[in-house]
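Below you'll find the structure, written out as structure tokens, and then a few comments.
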Amino acid sequence: MPLRRTRYLLGALLSWGASACSGTDGAPSPCEGADCAVPGLTRAFEKGTPESQVQPRAGFGGLKVRRASGRTFVLETTRDAEGRDTRRLTVSAQDGTRLWRFDASAGEHLSDFTVHPSGETTLGVERTGAAAETFDLVRLSTEGQVLSRQPLPAPATVPDSDLGGTLPSPAFRMKSPWVHALTDGWLRTEARGEDVAVAFLSLVAVPEGGPTTQELASGLMTLQWTDGHYTEQWTRVVDGRHSTQPAAWAYDEFRWREAALRPLLAVDSDGRLVVGRTWNTSRCMASSRTFNDFTPVHCRSGDDVTTTVDTERQPFAVTAFTPVGTRIGTQVFVPARAAEFVVFDMAVRDGEVALAGTVVTEDADGTLAYYPSSPGAQDQMTPYDGYLGVLSLDSGALRFEHRVDTGRADHFSALRWTDAGLVAVGASGWDRWHGGMSISRGAGALLALASTDGQTVRTQQPGPEGQGRHFHLLGVDADEDSLVAVGLAEAPMTHSGDGGHLEAMTFGGLTVELR
């Protein structure tokens, strides 16, 4: 094993041995005696034992989870042996009793959901068979009854300045480019009290007889919940006409394929709204034309911009808006010496944005510390580390970052910001050959808790190891003392479906609880 990886592993072991609490990376936690008397999630990571539940293939796996009012909400997906997929939203009590569920009908894609302070839920749905105006918002009661179902309104409040002479009016077809079983979706929802904010990626509306290219634009809309229905408050263009494409090298096993396209949405404590997405030449040029955020020269050659068809190195951009829709500005980030970088999730709190993803870091001389798949093997596996970073929303300055290395490849898929720090989940222990995106060893689940100052990162690797299939986590939520994470069990690896073996592309469900 190359020196860099050996050094990482040795450092982790020394840190573990020096601390009175196991599973830490960084400075020892301030424990006294053998009890490690620290509260909440920190204690759960140091002293708790994860409990894992596996649902067999072909069953429902978890994409997103939220806890609210003593209940657990999970967006689930399944894919059968004929390649058909469907989704549902399930709601359970604290003891695991199923309270209700909402099933997608034929031709529907459940994209995202958010839970309001009242306990009611807003669900984003796309009607995949329609050619335009396909996004719906479904409001569900605390008992799962449909209170309202309405199309996301065709935006009526977009400022002319947002169109920039390059977008028609209306600017959005309100139709996504494509979806599949593991796609999060292009319609993102976040509660604003009982109101809701929606970020969306849409095909561009074109005049009759006009261009038919698959150009995209993204938008942000806020809606007020009044008298049993949603009414548009304001809408802004996030990125104008662009031609971002899914990364050709990526597969859907870890949802890497959608990372190049999907918008991420968060609402800060002061009401600011933040939209995050991969940053590339096409999106940068759209921003330059309309908002003068960047120069065309920078968009074509800047170190923090990637090509239109995304590569393994995907800089990440966040654009903030005031509660009334004033565009604040865009910050772009990519770690230093990042040969590869992908962000899968973000969280916002008190003027800072946290990022979770994966990174391959170049050594000082520009080389990569490849490692062998087994002792003595002559192959080379790519050294992915799980990435956590916290940036200022105002300046883009990096407050801290941490690379989590468990010995093979690692990444984080989902992130939540808690009083104890950043909770992240994903996958560890997989191998990716350096010459392509083929993954040759399955993943196991990964949990992490980064302290608020970034000095200590505690990790857990619960449940079965992957070996020939993947066990990995795609969603997480936490309260003061515990966390719940959801994902896939026995999920397919890169070439599972080669030769048309669709049954091999099925998966089961994985749930992990730590308290």
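Values below: all heavy atoms of this structure, side chains included; hydrogens, waters and symmetry mates excluded. Model, not experiment: these values are computed from the prediction.
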For a 4.5 angstrom cut-off between non-hydrogen side-chain atoms, does [X] reach [Y]?
X      : Y      : answer
Val457 : Val404 : yes
Thr86  : Arg79  : no
Phe333 : Val353 : no
Asp481 : Leu41  : no
Val196 : Thr114 : yes

Taking ring pair (Phe, Tyr, Trp, His ring centres under 6.0 Å) as the definition, give me every residue that meets it alongside [X], ordered by chain and number, with sequence neighbours left out.
X      : value
His501 : none
Phe341 : Tyr387
Tyr230 : Trp225
Phe172 : Phe200

Can you name the closest pair of heavy atoms from [X] and [Y] and give their distance?
X      : Y      : result
Leu446 : Gln461 : CD1-CG, 4.1 Å
Ala489 : Val54  : CB-CG1, 3.5 Å
Ala409 : Tyr371 : N-OH, 3.3 Å
His434 : Thr382 : CA-OG1, 3.2 Å
Gly185 : Ser111 : CA-OG, 3.2 Å
Gln467 : Met493 : O-SD, 3.8 Å

Q | His472 ring center near Trp430 ring center (under 6.0 Å) | A |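 For His472 and Trp430, the ring centres are not under 6.0 Å apart.
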Thinking salt bridges, do [X] and [Y] make one under a 4.0 Å N-O criterion?
X      : Y      : answer
Glu253 : Arg469 : no
Arg43  : Glu480 : no
Arg349 : Asp419 : yes

Any donor-acceptor pair under 3.5 Å linking the side chain of [X] with the backbone of [Y]?
X      : Y      : answer
Gln460 : Phe45  : yes
Arg283 : Ala217 : no
Arg66  : Asp477 : no
Arg277 : Val275 : yes
Arg416 : Ala424 : no
Ser118 : Glu120 : yes
Thr406 : Ser428 : no
Glu258 : Asp184 : yes
Arg458 : Ser451 : no
Asp112 : Thr189 : yes

Find the distance between [atom1] ([X]) and [atom2] ([Y]) and round it off to the nearest 0.5 Å.
X      : Y      : atom1 : atom2 : result
Leu152 : Leu223 : CG    : CG    : 6.0 Å
Thr122 : Phe113 : OG1   : CZ    : 11.0 Å
Arg255 : Leu182 : CZ    : CG    : 7.5 Å
Phe135 : Leu201 : CZ    : CG    : 7.5 Å
Leu137 : Leu123 : CG    : CG    : 9.0 Å
Trp256 : Thr358 : CH2   : OG1   : 5.0 Å

Q) With sequence neighbours left out, what residues match Ala259 under side chain to side chain contact (heavy atoms under 4.5 Å, CB included)? A) Gln314, Val342, Phe344
Q. With Thr90, which residues qualify under side chain to side chain contact (heavy atoms under 4.5 Å, CB included), at least two apart?
A. Val74, Glu76, Arg88, Arg98, Arg101
(Q) As a quick check of understanding, evaluate side chain to side chain contact (heavy atoms under 4.5 Å, CB included) for Arg149 and Val125, giving each step before the final call. (A) CA-CA 10 Å; Arg149 177 164 186 161; Val125 181; 3.6 Å; yes
Q. If you draw a 6.0 Å radius around CD in Gln94, do more than 12 non-hydrogen atoms from other residues or ligands fall strictly inside?
A.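 Open: at most 12 neighbouring heavy atoms sit under 6.0 Å from CD of Gln94.
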Using distance alone, with no hydrogens and no angle criterion, decide if [X] and [Y] have a side-chain donor and acceptor under 3.5 Å apart.
X      : Y      : result
His495 : Ser438 : yes
Arg173 : Ser202 : no
Thr244 : Asn280 : yes
Asp379 : Tyr370 : no
Ser413 : His411 : yes
Glu108 : Thr128 : no

List for me each residue that meets salt bridge (Lys or Arg N to Asp or Glu O under 4.0 Å) alongside [X], sequence neighbours excluded, and say none if there are none.
X      : answer
Glu194 : Arg139
Glu401 : Arg403
Asp85  : none
Glu133 : none

Q. Can you name the residues that form a side-chain hydrogen bond (donor to acceptor under 3.5 Å, both in side chains) with Glu126, not counting sequence neighbours?
A.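 Residues passing side-chain hydrogen bond (donor to acceptor under 3.5 Å, both in side chains) with Glu126: Thr134, Ser176.
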Q: Only pairs at least two apart or in different chains count here, so list each salt bridge (charged side-chain N to carboxylate O under 4.0 Å, His left out) that has a residue in residues 506-515.
A: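 Pairs touching residues 506-515 that pass the test: Glu51-Arg515, Arg67-Glu513, Glu513-Arg515.
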Q | Arg441 and Glu465: CA distance, side-chain angles, deciding distance, salt bridge (charged side-chain N to carboxylate O under 4.0 Å, His left out) verdict | A | CA-CA 10 Å; Arg441 185 182 190 273; Glu465 294 185 12; 3.5 Å; yes
Q.
Determine whether Leu216 and Leu203 satisfy the following criterion, side chain to side chain contact (heavy atoms under 4.5 Å, CB included), listing intermediate values before the conclusion.
A. CA-CA 4 Å; Leu216 303 170; Leu203 295 169; 3.5 Å; yes
(Q) Angle between ring planes, Phe254 versus His470, binned at 30° and 60°: parallel, tilted or perpendicular? (A)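 It falls in the tilted class, 30° to 60°.
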